[in-house]
S.K.: 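Dropping the structure in here first, questions after.
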Amino acid sequence: MPSITTRTLLEMKEKGERIVALTCYDALFARLLDASGIDILLVGDSLNQVLAGAASTLSATLEQMIYHTTIVRRGAERAMVICDMPFLTYQITPEDALRNCGRVMKETGCQAVKVEGGQPLAPTVRRLVDVGIPVMGHIGLTPQSVHALGGYRVQGRDDATAERLKADARALEDAGAFAVVLELVPAALASQITKTLTIPTIGIGAGPACDGQVLVLHDMLGLNDQFSAKFVKKYAALAEDVREAARLFAAEVREGRYPGPEHSFGK
Ligand code: KIV
């Protein structure tokens, strides 16, 4: 049983301790991140872009998310594992959402699910929470609505949208969500929302006042060098390391320098 729970996260907010989250899609990275003290491993549907090369998250499937969440869970001891519910697995009816989220909880061993949306989704969040499924909300730039939002743009810059986002956050808290992701919203608005809520906010492109921060792992490692954004800080430059190692391997194989005697077996 992982030691980070929804209760831990609430206590961290109360004590002013920052919550650290990263996306994670496999057991190997889960082991490394868990050992580094990351609190939340979010199996984001961003895996459809980062790993599967799709243009958006929209075509991610429930089977994909169940597979990746199961393998992340194998590598996690301390961290809380959260499965991002893919497009149309929770928006049609609350009963449908319950069936799909219930399947994720039963089959993967994760501790919570994440869903995108605000006030219209509150009855669904309530239904899930009432049967014991912890739910993380996600508002602001919600990638599953990228076409309706007109692209990957900062949300809540005008007063009407800012007010709606505040009401969305409150509705999610009232419906029983244990945390809410704020994606691509102005720092001042994220700060106001964070102060009003009793549940933690986890920001991505939402400034420093959120209770925690999340980034896409492959972006912050500099592994996905086809993506860059103002809010992403690259803590490593692994794409170049990978290319360089592959070039070196290719050169050594072609020149007959690998494998050497130390890599070969005698009788
Ligand atoms: O899918 C994802 O990776 C996410 C995070 C960026 C919050 O939803």
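Note that the coordinates shown come from a computational prediction; the quantities given were computed from them, not determined experimentally. Here, residue 1 is the first one in the sequence, and each next residue gets the next number. Counting starts at 1 for both ligands and their atoms, following the listed order.
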S.K.: Tell me whether Arg126 contacts the main-chain N or O of Asp174 through its side chain, where contact means a donor paired with an acceptor under 3.5 Å.
M.R.: yes
S.K.: Quick one: table the atom pairs, ligand 1 N or O against protein N or O, below 3.5 Å, distance rounded to 0.1 Å.
M.R.:
residue	atom	partner	partner atom	Å
ligand 1	1 (O)	Asp45	N	3.2
ligand 1	1 (O)	Asp45	OD1	3.0
ligand 1	1 (O)	Ser46	N	3.1
ligand 1	1 (O)	Ser46	OG	3.3
ligand 1	1 (O)	Asp84	OD2	3.1
ligand 1	3 (O)	Ser46	OG	2.5
ligand 1	8 (O)	Asp84	OD2	3.4
ligand 1	8 (O)	Lys114	NZ	3.1

S.K.: Write out all pairs satisfying ring pair (Phe, Tyr, Trp, His ring centres under 6.0 Å) with one or both partners inside residues 175-207, taking only residues at least two apart or from two chains.
M.R.: none
S.K.: Report the relative orientation of the aromatic rings in Tyr25 and His68; use parallel for angles under 30°, tilted for 30 to 60°, perpendicular for over 60°.
M.R.: perpendicular
S.K.: Among Val181, Val232, Leu141, which residue satisfies the side chain to side chain contact (heavy atoms under 4.5 Å, CB included) criterion with Ile204?
M.R.: Val181
S.K.: Between Thr5 and Thr8, is any side-chain donor less than 3.5 angstrom from a side-chain acceptor?
M.R.: yes
S.K.: Hey, is the main chain of Leu58 close enough, under 3.5 Å, to the side chain of Asp45 for a donor-acceptor pair?
M.R.: no
